[in-house]
Amino acid sequence: MEYNPREIEKRWKTWWDDKEVYKVSNDSPKPKYYVLDMFPYPSGSGLHVGHPLGYIGSDIYARYKRMKGFNVLHPMGYDAFGLPAEQYAIQTGVHPAKSTAENIARYREQLDKIGFSFDWCREVQTCDPKYYKWTQWIFLQLFQHWYCTDAKQAHPIGLLVEVFELEGNARVNAATSQEVIFTALEWRSMTPKEKDDVLMNYRLAYRKTTFVWWCEALGTVLANDEVKDGVSERGGYPVERKPMLQWSLRITAYADRLLADLDTVDFSDSMKKMQSNWIGKSQGAQLFFKLAESSEIRNPKSEIEIFTTRPDTIFGATFMVLAPEHDLVKQITTPAQAQEIADYLAYVNTRSERDRMSETKEVSGAFTGAYALNPFNGAKIPVWIAEYVLKDYGTGAIMAVPADDERDLRFAKKFKLPIVEIIDKSMHPGATIEDKLGKMVNSDFLDGMEVMDAIEAVLQRIEGMGIGHRKINFKLRDAIYSRQRYWGEPFPIAYDPDGVAHPLPLSELPLELPVLDDFKPASGGKAPLARAEDWVNLPNGWRRETDTMPGFAGSSWYFLRYMDANNDEEFASQKALNYWKDVDLYVGGTEHAVGHLMYSRFWHKFLYDKGLVPTKEPYKKLMNQGMIQGKSAVMEVTMDGGRSLELHVPVRFVDDEWRISLENFAKLTHIDNRFEQVEPGTHVAILTEAGGKHIQLTQRVEKMSKSLHNVINPDEMVERYGADCFRMYEMFLGPIEQAKPWDTKGISGVSGFLRKMWGLFYDENGQYLVTDAEPTQDELKVLHACIKKVTEDIERFSFNTCVSGFMICVNELRSLNCSKRSVLEPLVKLIAPFAPHIAEELWLLLGHQTTVCLADYPVFDEKYLVQDTISYPVSINGKKRDLVDLPAGMSPLELEQAALDLDTVKKWLEGQAVRKVIVVPGRMINIVV
RNA sequence: GCCGAAGUGGCGGAAUGGUAGACGCGCUGGAUUCAAAAUCCAGUGUAGGCAACUACGUGUGGGUUCGAGUCCCACCUUCGGUACCA
């Protein structure tokens, strides 16, 4: 009987489905283990070989844990709302629901071929109303809660209203954007709309006019992490800052906890670092600078509020800078400077974010004409505006200390502003401007103090004088939660004629998307939903919110839904939540480091505050899988006129020497119309030609992508080599967390290995070879060495070395001619997580009736690994000179003597005295001369 | 600029401070075949030598150690994150 993966794999897939082998119960005496993959967005181009890498790793681990006696939850689903389906709908008129369903079906088909042990009964699709009912519900919970910074947790908004009724907001410590203090009396006299506006400043989901990233091409607002390098992450379109009324989530309320609890989770250091940088906690002081009296200023009472981490440098503050968008700019600009400021603001407006980023060394700014007073010595300091101060960070205003800040220094030099030295760093040669080192000078009462002491001294003085206070600032900003798009969750919110936002009752959830046939954004920054007038306008005169939720809404809690995916009464039952608790192993790409992971950690903490989930963190351990890169074929062409072009040639047209024939080259115009510009020999100089019949191309390792024409389809690999082989080869490529190029050639090695393993059961004549004979010591040693290696390596997610361990084992069993049941049976169990189909088939051949997936994982026994002789390397001065087999159990002294007696050693020692001999029993012998 | 990860044969990669290059691809030679594919056997870091063997070898330069791919210091390169964060 020959190894026929196609036939075997098909049969076992059906068998697993029929027997519901992978169905998981929420009711089990076994310990739980939750293995989760980051669910995919089902794109139109299907899976390429890079996508399943993490899924295979997690599937191996899930299968391993199952055989180790755990009740393993290993689900899969789809992040199914999103822009591409909607863009596609705008272009083709195909409803996003339809194209998404088709893409999901395609993904499912591809995933099914690879033999994953997913429990598909628990599948979630974020665009399914049964699912987004609960996304909407959690949003409403956020809407109906505020964050109390005293209790360090979320409380119902009703509690806040009670306090307002009793005593106003003066003593409420909350994460809030409310700036005005009011009394109980003032509260009670507010109109409903005014009250709603106040409460909005406290809600965890709130509506506010904010400067947002507006993307004209996509017709929507984007979140910070959806904007990369000044363009939209999806599509690469330009974006601009624009003030708009938007829903936001107050993630900043949880900044401190999101940072602190990183210590409790098992993420890589780099991942933790990325998150803590994103949160960006800094300690300093918030303080106020009064404006100098002047009849030219419209509002001389104003103060400028600043944030600084270096209050000690205040005597070196020779000017102040406001962000161009700062509210005070209009009020304080003097008539004499009005034109200059207007010109500068106009200039800032023309600058795209990309311009701003590309020239960070170039400073620009304008003088407002106003002066502020140094609160300590009353010195008059000019107030400027400049691009380098950001509206969203701190208070949008700074005191500029050119002597101690590089940017301030550049600015001072350019605009000829004074520079006052305040820190003597002569004691610390090599210290940089950022180092908090040196002695204070020219600084009044701080003179002579070390920087660290001066910071504390000035903080105490500031608080004593009542001009400011200590403050912790975060870089993290609230997450913009509105998208002016169709294909997302509708907000379960309606506005009354006064514009007060009202939540929909639970009984009206899910609020389903209305059916539309035109998905283009409506005019004026309005979402497509505004077109569905019957849906928007309610009988009582209220209007529905027409924005939809962003991509991260559905993905912020999906891991909880898997625990109880078909529950219509709750997002998941408390019983299920308390059984599964949290994700033990989460596998996914690094690209979600700051987006998805932060949002879902935030939602989880909120649900924890509400007592709805039992754990503070959703993910115990995070594994990052590396990218599988493609090899693309690049043709560099120089057009007439010297313009050069880089074209990606589809790799299927490329031969082994990375060339393309002229014949195939001619076909390329049908694939990419850019090739129409390129005609060989005529108006194009092609880089290298080989023999006149081919064009030589350059190989480049880069991201696998449709546009680079270097995609390898997993279906083809499975079709040709089988799923088991594909799974093992993906693992064999290298460490799972590293990026590595795909090379189809190498797969034959794994394919040969599987056939060799099969060959232990059947010879080439189809003769069944397995016997019940007693295994020899050598055979048991080979087996147990493999059990030990594989088990240890699975535990540390080193799947590539597991595969080579299997290869070594099978090679050795072959050379021992071993086909004994007592050796092969454990081997089949051992390999089952990696190659489940062939394992089931061989398990059946060995006479078992039940699935190998639930067999006990083999345990290695040290006693088979003890060696009679040990092969000792003998070194002289650390250089290996000989190798000698010596009986195990020799004493160090005996080993030393045995080494010194060797001929090689004698030869090398000739004429030299032995100074020392180092013996590590079981390891090595080193002779020092 | 800052933060993080990584630099090992022709290639993917392996190596608790203790035999560098496991395993696989590729390549070379041989067996089988009319031939090819497939399969099997042997070899394969570089240089010199018929060989035994010798020298050199883990990005570069130093250091610690009996012994360094692994630890420490400085630098170079690549990749990822971040970007005027006060």
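Every chain is numbered from 1, with letters handed out A, B, ... down the list of sequences.
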Out of curiosity, Asp392(A) CG to Glu325(A) CD, how far, rounded to the nearest 0.5 Å? 7.5 Å
Under 3.5 Å for both donor-acceptor distances, Watson-Crick or wobble: does rC71(B) have a partner, and if so which one? rG63(B)
Could you tell me the Watson-Crick or G-U partner of rC53(B), where both distances fall under 3.5 Å? Say none if there is no partner. rG48(B)
How close or far is atom P of rU19(B) from atom CG of Asn877(A), stated in whole angstroms? 17 Å
Within the structure shown, what part of the strands sits under 4.0 Å from Arg755(A) by heavy-atom distance: base, sugar-phosphate, or nothing? sugar-phosphate
Any salt bridge between Glu792(A) and Lys788(A), counting N to O under 4.0 Å? yes
Separation of the P atoms in rU33(B) and rC23(B), to the nearest angstrom: 30 Å
In whole angstrom, give the distance that lies between atom CD1 of Ile736(A) and atom C1' of rA5(B). 17 Å
Pairing partner of rC85(B), by Watson-Crick or G-U wobble and under 3.5 Å for both distances, is none
Between Lys471(A) (NZ) and rA86(B) (P), how many Å, whole number? 14 Å
Can you tell which of rG4(B), rG67(B), rA86(B) lies closest to the side chain of Ser270(A)? rG4(B)
So which nucleotide does rU77(B) pair with, by the Watson-Crick or G-U wobble rule with both distances under 3.5 Å? rA6(B)
Classify the nucleic acid contact of Lys475(A) as base, sugar-phosphate or nothing, counting any heavy atom under 4.0 Å across all strands shown. base
Give the nucleotide from the list rA14(B), rU19(B), rC53(B) with an atom nearest to the side chain of Pro735(A). rA14(B)
Any strand counts, and the cut-off is 3.5 Å on both contacts for Watson-Crick or G-U wobble. Which nucleotide pairs with rG29(B)? rC41(B)
Using atom P of each nucleotide, how far apart are rA68(B) and rA14(B) to the nearest Å? 23 Å
When all nucleic acid strands are considered with a 4.0 Å heavy-atom cut-off, which category describes Ala386(A): base, sugar-phosphate, or nothing? nothing
Same-atom distance (C1') from rU65(B) to rG10(B), integer angstrom: 35 Å
As a test of reading the structure: which of rC66(B), rA14(B), rG18(B) is closest to the side chain of Arg923(A), going by heavy atoms? rG18(B)
Can you confirm whether or not the ring centre of Phe732(A) sits under 6.0 Å from the ring centre of Phe799(A)? no
Considering only side-chain heavy atoms of Val928(A), which listed nucleotide, rG18(B), rC66(B), rA86(B), is closest? rC66(B)
Within this structure, what is the CD-to-P distance between Gln738(A) and rG80(B), rounded to whole angstrom? 14 Å
Would you classify Ser748(A) as touching base, sugar-phosphate or nothing, given that sugar-phosphate means primed atoms plus P, OP1 and OP2, and contacts are heavy atoms under 4.0 Å? sugar-phosphate
For rG48(B), measure the glycosidic angle (O4'-C1'-N9-C4 for a purine, O4'-C1'-N1-C2 for a pyrimidine) and name it syn if it falls within 90° of 0, otherwise anti. anti
If we take the C1' atom in both rG69(B) and rA15(B), what is their distance in whole Å? 9 Å
Measure CD1/Ile876(A) against C1'/rU54(B) and give the value in whole Å, please. 14 Å
Under 4.0 Å between any heavy atoms, over every strand shown, what does Thr801(A) touch: base, sugar-phosphate, or nothing? Just pick one. sugar-phosphate
Identify whether the distance between the nearest side-chain nitrogen and carboxylate oxygen of Lys745(A) and Asp743(A) falls below 4.0 Å. no
Rounded distance in Å between the P positions of rC75(B) and rG1(B): 12 Å
Roughly how far apart, to the nearest Å, are rG12(B) and rG59(B) at atom P? 14 Å
Tell me the interatomic distance from Tyr729(A), atom OH, to rG13(B), atom P, rounded to whole angstroms. 10 Å
Looking only at the side chain of Ile918(A) (C-beta and beyond, no hydrogens), which of the listed nucleotides rU54(B), rC85(B), rC66(B) gets closest? rC66(B)
Winner on side-chain proximity to Val594(A), out of rC85(B), rC66(B), rU82(B), is rU82(B)
Testing rA86(B), rC23(B), rG18(B) for proximity to the side chain of Phe732(A), the answer is rC23(B)
Contact class for Ser804(A) (heavy atom, under 4.0 Å): base, sugar-phosphate, or nothing? base
Do we see a donor-acceptor contact under 3.5 Å between the side chains of Thr252(A) and Asp478(A)? yes
Can you figure out which of rU19(B), rC85(B), rG12(B) approaches the side chain of Ser871(A) most closely? rU19(B)
Can you tell me the distance, in whole Å, between the CG atom of Asp882(A) and the C1' atom of rC53(B)? 13 Å
Taking any heavy-atom pair under 4.0 Å as a contact, classify Asn800(A): base, sugar-phosphate, or nothing. sugar-phosphate
Integer angstrom distance from the C1' of rG7(B) to that of rA55(B): 26 Å
Answer with yes or no whether the side chains of Ser632(A) and Glu702(A) bring together a donor and an acceptor at under 3.5 Å. yes
Residues Asp724(A) and Tyr729(A): side-chain donor-acceptor under 3.5 angstrom: no
Closest-nucleotide 5' rank along RNA chain B - winner of Asp793(A) and Met399(A): Asp793(A)
By the 4.0 Å heavy-atom rule, please label Ile808(A) as base, sugar-phosphate, or nothing. sugar-phosphate
Could you state the CG-C1' distance from Leu883(A) to rG18(B), rounded to the nearest angstrom? 13 Å
Heavy atoms under 4.0 Å, any strand shown: does Lys756(A) hit a base, just sugar-phosphate, or nothing? sugar-phosphate
At 4.0 Å (heavy atoms only), tell me whether Trp908(A) reaches a base, stays on the sugar-phosphate, or touches nothing. sugar-phosphate
Just by distance, with hydrogens left out, do Ser819(A) and Tyr762(A) show a side-chain donor and acceptor under 3.5 Å apart? no
Taking the C1' atom of each, how far is rU16(B) from rG62(B), in whole Å? 27 Å
Between Tyr599(A) and Phe552(A), is the gap from one ring center to the other below 6.0 Å? yes
Pair Asn473(A)-Ser282(A), side-chain donor/acceptor within less than 3.5 Å: no
Whichever of Lys745(A) and Ile398(A) has the more 5' nearest nucleotide on RNA chain B, that residue is Lys745(A)
So Lys740(A), base contact, sugar-phosphate only, or nothing? Heavy-atom distance under 4.0 Å. sugar-phosphate
Arg407(A) side-chain N/O to rC85(B) phosphate OP1/OP2 under 4.0 Å: yes
Pair partner, rC23(B) [Watson-Crick or wobble, under 3.5 Å]: rG12(B)
Of the listed nucleotides rA86(B), rC56(B), rG12(B), the one nearest the side chain of Leu733(A): rG12(B)
Students often get this wrong, so: under 4.0 angstrom with heavy atoms, is Asn811(A) touching a base, only sugar-phosphate, or nothing? sugar-phosphate
